[in-house]
Colleague: 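This is the structure I want to talk about, given as structure tokens.
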2 protein chains.
Amino acid sequence: MPKSAAVPSPIREPLDGEAHLDFALIELLFFAYRDFTSDPDQMLDTYTFGRAHHRVLHFVNRVPGLTVAELLEVLKITKQSLARVLKQLIDTGHVVQVQGPRDRRQRELYPTHKGRTLALTLAQPQSERIAAALDGLAPGERKAVEHFLRNMVDEPWRSRVGLSPDALRGVAVAEDGQHGSE
Amino acid sequence: MPKSAAVPSPIREPLDGEAHLDFALIELLFFAYRDFTSDPDQMLDTYTFGRAHHRVLHFVNRVPGLTVAELLEVLKITKQSLARVLKQLIDTGHVVQVQGPRDRRQRELYPTHKGRTLALTLAQPQSERIAAALDGLAPGERKAVEHFLRNMVDEPWRSRVGLSPDALRGVAVAEDGQHGSE
DNA sequence: AAATTACGTCAGTAGTGTTGACATAATTCC
DNA sequence: GGAATTATGTCAACACTACTGACGTAATTT
């Protein structure tokens with residue numbers, strides 16, 4: 001006698017290369033990123049900061065003078081999401097705002113000495129992890145890793161990431177309705 | 001006359017290779033992962049599912065028969081976090097639980113046909129993105145990418161990821177106080 | 001002068017993660 | 001066989017990050 005609610009039959013075949021889908025690399029990316037973020041995440045707990053603070057701090061350090069609008073496009077988050085973490089970083093003296101010289105409506109974001117120090121501290125274990133993971137690879141193979149990662153990124157960012165920090169400035173992303181205000 | 005609250009001086013130097021830190025790759029990983037997850041995230045909105053559902057669904061499909069405890073160790077989340085999304089996946093008929101044959105306390109997790117189909121659908125754009133990013137690389141360079149990603153992962157997972165799905169079964173992680181119950 | 005832009009902020013909501021406590025059933029230990 | 005342990009589920013409370021929509025202000029552009 002079957003149960004009143006028929007249980008859909010469980011599938012017991014592991015998902016592997018069958019459908020020409022690259023499960024191995026999908027999984028590797030998940031695990032790599034999971035552990036890549038684990039060290040800074042742990043440190044940030046000390047400051048009552050989260051991963052969002054780290055990202056803001058990173059880009060403000062990497063591209064000092066970035067405006068709020070530019071930062072929103074880099075992070076692909078909304079104004080409201082940024083507001084909270086940015087306010088905390090300013091209140092704690094990690095970031096300062098400077099009125100834009102050309103357009104005084106703009107707020108250029110700069111790290112303070114404190115903010116720069118924290119950014120470097122957070123980048124340290126990540127950089128070590130990367131160096132260890134690259135260890136044993138030939139120069140050309142390192143280039144291949146960079147090529148792969150860069151080509152995982154959608155345009156218009158693909159052609160700008162992994163170059164000089166200034167390449168991240170002033171990317172006018174085509175309007176696509178993701179803004180907090182219109 | 002200085003203002004009453006002295007503004008910490010802004011640092012205007014971009015953060016680049018100065019401190020021997022690999023900011024380029026740190027950034028590439030951020031952008032690559034951001035866009036890697038964007039396609040499935042968008043699809044999942046249709047189902048009122050989030051990224052957490054995707055991860056559970058992926059591993060249940062990849063390693064059918066995985067127990068709840070094993071899944072918690074793979075995802076490195078707590079029991080409570082898993083409970084919510086797992087319940088939803090079961091209620092919507094994507095995943096079924098089967099009482100463990102050896103240990104009847106255990107619940108083995110299996111995808112249904114519906115769950116397998118969704119997993120494949122979500123993996124499709126990710127796999128295409130990976131294939132496109134690998135395009136133009138020599139076989140050895142692809143191996144280098146895998147080497148890099150695998151070595152970004154901490155042990156005991158490093159030696160298990162990117163191999164056969166079964167390698168993810170039964171990893172007894174050393175106790176480190178991250179459990180929901182003791 | 002009017003429209004637009006850059007930014008800030010208020011209110012409400014959702015998804016994902018956390019901790020701690022407690023309950024149940026099954027297994028293992030002595 | 002009784003006790004401790006294990007695997008799982010669940011309740012309550014909370015934190016962080018993200019979202020949407022609306023509104024306000026100052027500065028720029030038209």
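We name chains A, B, ... by the order of the sequence lines, and we start the count at 1 in each one.
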Colleague: Check every strand shown and say whether B:Arg51 touches a base, only sugar-phosphate, or nothing at a heavy-atom separation below 4.0 Å.
Modeller: sugar-phosphate

Colleague: So, does the side chain of B:Arg105 form a donor-acceptor pair with the base of D:dT6 at under 3.5 Å?
Modeller: yes

Colleague: Determine whether A:His94 and A:Gln88 satisfy the following criterion, side-chain hydrogen bond (donor to acceptor under 3.5 Å, both in side chains), listing intermediate values before the conclusion.
Modeller: CA-CA 9 Å; A:His94 291 91; A:Gln88 288 176 279; over 6 Å; no

Colleague: Is there a donor and acceptor pair, one atom on the side chain of B:Arg84 and one on the base of D:dG9, closer than 3.5 Å?
Modeller: no

Colleague: Going through the checks in order, is the salt bridge (charged side-chain N to carboxylate O under 4.0 Å, His left out) test met by A:Asp135 and A:Arg142?
Modeller: CA-CA 9 Å; A:Asp135 195 52; A:Arg142 295 182 184 223; 5.3 Å; no

Colleague: List the atom of A:Val145, the atom of B:Ala144, and the distance in Å for their closest heavy-atom pair.
Modeller: CG2-O, 4.0 Å

Colleague: Between P on C:dT5 and CZ on A:Arg102, what's the gap in Å once rounded to a whole number?
Modeller: 18 Å

Colleague: Could you tell me the separation between the CG atom of A:Leu72 and the P atom of C:dT9, rounded to a whole number of Å?
Modeller: 14 Å

Colleague: Rounded to whole Å, how long is the line connecting atom CG of B:Leu82 with atom P of D:dC11?
Modeller: 15 Å

Colleague: If you take all heavy atoms of A:His53 and A:Leu89, which pair is closest and at what distance?
Modeller: O-CD1, 3.8 Å

Colleague: Just the rounded figure in Å: distance from P of C:dC7 to CG of A:Leu71.
Modeller: 10 Å

Colleague: Does A:Gln80 place a side-chain N or O at less than 4.0 Å from the phosphate oxygens OP1/OP2 of D:dA22?
Modeller: no

Colleague: Report the distance from atom CD1 of B:Ile77 to atom P of C:dT19, rounded to the nearest whole Å.
Modeller: 12 Å

Colleague: Which whole-number value in Å describes the distance from A:Lys76 NZ to D:dC19 C1'?
Modeller: 16 Å

Colleague: Report the distance from atom CG of B:Asp103 to atom C1' of D:dT5, rounded to the nearest whole Å.
Modeller: 12 Å

Colleague: For A:Thr48 and for B:Ile90, find the nucleotide of DNA chain D with the closest heavy atom, then tell me which residue's nucleotide is more 5'.
Modeller: B:Ile90

Colleague: Taking only side-chain N and O atoms of A:Gln97, does any of them lie within less than 4.0 angstrom of OP1 or OP2 on C:dG8?
Modeller: yes

Colleague: Between B:Ser81 and C:dT16, is there a contact of a side-chain N or O with OP1 or OP2 at under 4.0 Å?
Modeller: no

Colleague: So, is B:Thr78 close to the C:dT18 phosphate, meaning a side-chain N or O under 4.0 Å from OP1 or OP2?
Modeller: yes

Colleague: Identify which nucleotide among C:dG8, D:dT28, D:dT8 has an atom closest to any side-chain atom of B:Thr67, counting heavy atoms from C-beta outward.
Modeller: D:dT8

Colleague: On the nucleotide D:dT17, are OP1 or OP2 found under 4.0 Å from the side-chain N or O atoms that A:His53 carries?
Modeller: yes

Colleague: Looking at B:Val85, B:Leu57, B:Thr112, which one forms a side-chain contact (heavy atoms from CB on, under 4.5 Å) with B:Val95?
Modeller: B:Leu57

Colleague: OP1 or OP2 of C:dT5 versus the side-chain N and O atoms of A:Arg104: is any pair under 4.0 Å?
Modeller: no

Colleague: When A:Glu27 is tested against each of B:Arg150, B:Arg160, B:Arg62 for salt bridge (charged side-chain N to carboxylate O under 4.0 Å, His left out), which residue passes?
Modeller: B:Arg62

Colleague: Could you check which of D:dT8, C:dA26, D:dA18 has an atom nearest any side-chain atom of B:Ala69?
Modeller: D:dT8

Colleague: Go through D:dA18, C:dG17, D:dT10 for me and flag the one nearest to the A:Ala52 side chain.
Modeller: D:dA18

Colleague: Any N or O donor-acceptor pair under 3.5 Å from the base of C:dG8 to the side chain of A:Lys79?
Modeller: yes

Colleague: Please report, rounded to the nearest Å, how far the P atom of D:dC19 is from the CG atom of B:Asp41.
Modeller: 11 Å

